[in-house]
Amino acid sequence: MMRVPVAGSLRLRFLLAVTLWVILGIAAIWFSAVSIFSRHVEQSYHEELEVHVRELGRLTEIAPDGMIVLTRPLSDPRYDVPLSGFYWQVTADGRAPLRSPSMTRGSLEEDIAHSPEILHRLENGPTGPAITYGFTRKGAAGEDIHFVIATDQRELDRLIGSFTRDLTAWLAALAALLLATGFTIISFGLRPLDRLSLAFARLRHGETDKLEGDYPAEIAPLAADLNAYIHQNEAMVARARVQAGNLAHSLRTPLAIITDEAERLAKHGESRAAGMVLLDQASAMEQQIEYQLAQARASAGKPPSGRGVVLPDIAMPILRAMERLHPDKGFTLDANGCKGVVLPLDPVDFAEVLSILLDNAGKWSRSRVALSFTCDKTGACTIRIADDGPGIPADRIDQAFVVGTRFDREAAGSGLGLAIAQELCAAMGITLTLRNGTQGLVAELRHTAARPVET
């Protein structure tokens with residue numbers, strides 16, 4: 001089945017080129033064929049009329065009684081059929097004219113027959129415009145005998161029109177066949193690119209971790225290079241994550257020692273001020289380490305592979321962990337028609353975003369946290385996390401994403417969670433917004449490239 005061409009596509013360009021070529025070629029054939037046929041038919045008619053007018057002159061005699069007679073009928077029987085469009089006429093001074101049996105009314109203009117040379121022109125005949133031939137010769141008594149023969153122009157037009165209609169129908173069928181053949185060839189020729197596009201879609205949606213399929217020699221190197229690039233990129237991301245973890249581990253140990261020493265100094269009066277300064281700076285260092293590591297992990301984001309994020313399955317283990325982490329809070333889930341929907345996202349990063357938002361909601365809620373998934377027919381998916389806590393003043397919501405922001409210094413946390421979540425969402429193409437609901441804060445995630453899961 002041929003795909004519908006879109007603006008700017010190779011398929012549309014090829015189709016336009018083929019269509020233009022077929023139209024120009026068929027038009028050239030039509031005009032040249034009609035012109036050649038018309039010229040040939042007209043020439044045949046003129047040659048035939050010239051032959052018949054000469055024959056008319058040979059067969060005409062003046063009888064002893066002075067009447068104009070033919071020794072025999074003309075060889076073409078159409079001159080004997082009434083109003084057939086084929087006429088002849090012989091006139092002489094002082095004698096009754098002799099006309100063909102086909103001329104049951106009217107007459108032919110004899111002005112064309114004024115010279116021994118055969119002349120022709122378009123005259124008015126008994127049944128309309130006619131191609132008229134004529135010449136003059138002297139009779140036995142020295143009188144001028146005028147020989148005129150004519151054929152209706154409509155007969156010539158009818159032949160040319162009939163040929164033109166048949167030719168037009170045949171060329172139209174040929175054009176349709178050529179266009180269909182061209183479209184089929186284009187579709188067949190571009191099919192490998194269609195397969196490559198589908199393979200990219202499968203890769204983008206997380207159905208596979210490489211470009212699959214067999215491709216022609218012109219495309220196969222591209223697919224192989226892309227697969228090599230994908231493999232190299234995944235390996236680079238894996239190394240970056242390992243290095244990020246190693247860096248975090250190597251920094252946290254000396255940072256913990258510095259923090260312990262600062263706490264010890266803060267317990268003594270003479271060094272309390274210095275200890276507090278060290279504690280503040282160590283806390284700032286810890287915040288920056290956590291934030292920069294999360295940002296590095298997000299900026300190194302790799303193309304999703306495997307099955308991607310399956311909703312609502314990815315949320316189940318996170319909710320169980322939140323119930324253990326916040327045992328006094330109730331966590332509910334509403335899939336709302338999203339069961340089996342797949343998001344082409346990195347499961348690790350998406351799970352971390354959900355964990356941060358659910359944990360933040362659990363800290364601030366009074367008794368419950370509601371997680372809901374909503375999907376529509378356009379492929380858009382919305383995830384809402386609503387709590388029944390105090391919310392955030394409307395003029396301070398934007399500050400929630402700033403590194404180190406803590407609205408309650410007594411509450412546990414480092415002020416990094418929402419900033420990290422926003423960085424991860426930006427890397428994954430997810431829109432993260434915060435707003436106050438009817439009873440608390442609502443965190444909303446929106447993604448527009450969901451698809452049904454394949455079973």
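Predicted model, so just to flag it, every value in this text is computed and none were measured.
You'll find the side chain of Ile314 stays beyond 4.5 Å of the side chain of Leu343, heavy atoms only. Between Leu424 and Ile430 there is no side-chain heavy-atom pair separated by less than 4.5 Å. You'll find the side chain of Val342 stays beyond 4.5 Å of the side chain of Leu311, heavy atoms only. Leu226 has its side chain within reach of Leu222: a pair of non-hydrogen atoms, C-beta onward, lies under 4.5 Å apart. Within the 4.5 Å cutoff, no side-chain heavy atoms of Gln232 are placed close to those of Met236. Side-chain atoms of Leu74 and Phe86, non-hydrogen and from C-beta on, never get closer than 4.5 Å to each other. In this structure the side chain of Ile318 never reaches within 4.5 angstrom of the side chain of Leu371, judged on heavy atoms. Put simply, the side chain of Phe37 does not reach to within 4.5 Å of the side chain of Leu167, judged on heavy atoms.
Panel note: side chain Ser44, backbone His40; a donor-acceptor pair is recorded below 3.5 Å. Side chain of Asp346 to main chain of Val348: a donor-acceptor pair is present (N/O by atom type, distance under 3.5 Å, no hydrogens or angles). Side-chain atoms of Ser187 never come within 3.5 Å of backbone atoms of Phe183 as a donor-acceptor pair (strictly under, hydrogens ignored). In terms of modelled atom types and a separation under 3.5 Å, the side chain of Ser38 and the main chain of Val34 share a donor-acceptor contact. In terms of modelled atom types and a separation under 3.5 Å, the side chain of His46 and the main chain of Gln43 share no donor-acceptor contact. In this structure, Glu155 contributes its side chain and Gly85 its backbone to no donor-acceptor pair below 3.5 Å. A donor-acceptor distance shorter than 3.5 angstrom exists from the side chain of Ser84 to the backbone of Arg78, with no hydrogens or angles considered.
When the shell of 6.0 Å around CG of Asp214 is examined, it contains 12 or fewer heavy atoms from other residues, nucleotides or ligands. Other residues, nucleotides and ligands place more than 12 heavy atoms under 6.0 Å from the CD atom of Glu47. The environment of CZ in Arg95 is crowded: more than 12 heavy-atom neighbours from other residues, nucleotides or ligands sit within 6.0 Å.
In terms of heavy-atom proximity, Ala150 sits nearest to Leu108 at CB-CD2, 3.9 Å. When all heavy atoms of Ser365 and Lys329 are compared, the closest pair comes out as O-NZ, 2.9 Å. Shortest non-hydrogen contact noted between Glu117 and Phe135 is O-CB, 3.6 Å. Scanning all heavy atoms of the two residues, the minimum distance from Met322 to Ser355 falls at CE-O, 4.0 Å. A pairwise comparison of heavy atoms in Pro312 and Lys339 identifies CD-CA, 3.8 Å as the closest pair. Scanning both residues, Asp65 and Met67, for their nearest heavy atoms gives OD1-N, 3.1 Å.
Going from atom CG of Leu434 over to atom CG of Leu441 covers 5.5 Å, rounded to the nearest 0.5 Å. To the nearest 0.5 Å, the span separating CG on Leu193 from OH on Tyr215 amounts to 9.5 Å. For the atom pair Phe350 CZ and Ile383 CD1, the distance stands at 4.0 Å (nearest 0.5 Å). Rounding to the nearest 0.5 Å places CG of Asp388 at 13.5 Å from CH2 of Trp364. A distance of 4.0 Å separates OG1 in Thr60 from CG in Leu56, rounded to the nearest 0.5 Å. Atom CZ of Arg54 sits about 5.0 Å away from atom CD of Glu50, to the nearest 0.5 Å.
Not a single salt bridge (charged side-chain N to carboxylate O under 4.0 Å, His left out) links Glu42 to another residue, sequence neighbours left out. Residues passing the salt bridge (charged side-chain N to carboxylate O under 4.0 Å, His left out) test with Glu61, sequence neighbours excluded: none.
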Could you go through the side chain to side chain contact (heavy atoms under 4.5 Å, CB included) check for His447 and Val309 one step at a time? CA-CA 12 Å; His447 192 267; Val309 173; over 6 Å; no
Kindly determine whether Phe163 and Val41 satisfy side chain to side chain contact (heavy atoms under 4.5 Å, CB included), including the steps that lead there. CA-CA 11 Å; Phe163 173 81; Val41 171; over 6 Å; no
Between Met428 and Asp349, does a side chain to side chain contact (heavy atoms under 4.5 Å, CB included) hold up when you go through it step by step? CA-CA 8 Å; Met428 291 186 291; Asp349 289 347; 3.7 Å; yes
Could you walk me through whether Leu83 and Arg105 pass side chain to side chain contact (heavy atoms under 4.5 Å, CB included), step by step? CA-CA 8 Å; Leu83 300 177; Arg105 69 169 186 262; 3.1 Å; yes
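Under the side chain to side chain contact (heavy atoms under 4.5 Å, CB included) test applied with Thr19, the options Ile23, Val22, Leu16 reduce to a single match, Ile23. Results of the ring pair (Phe, Tyr, Trp, His ring centres under 6.0 Å) test with His52 over Trp88, Tyr79, Tyr133 single out Tyr79 as the only residue that passes.
With hydrogens and angles left out, the side-chain atoms of Asp359 and His326 include a donor and acceptor closer than 3.5 Å. No hydrogens or angles considered: nothing links the side chains of Glu109 and Thr132 as a donor-acceptor pair under 3.5 Å. A side-chain donor-acceptor contact under 3.5 Å links His146 and Thr136.
Under 4.0 Å is where a charged nitrogen must lie from a carboxylate oxygen, and between Asp387 and Arg368 no such pair does.
Across the pair Cys338 and Cys381, the gap between the SG atoms, which is the quantity tested here, reaches or exceeds 2.5 Å.
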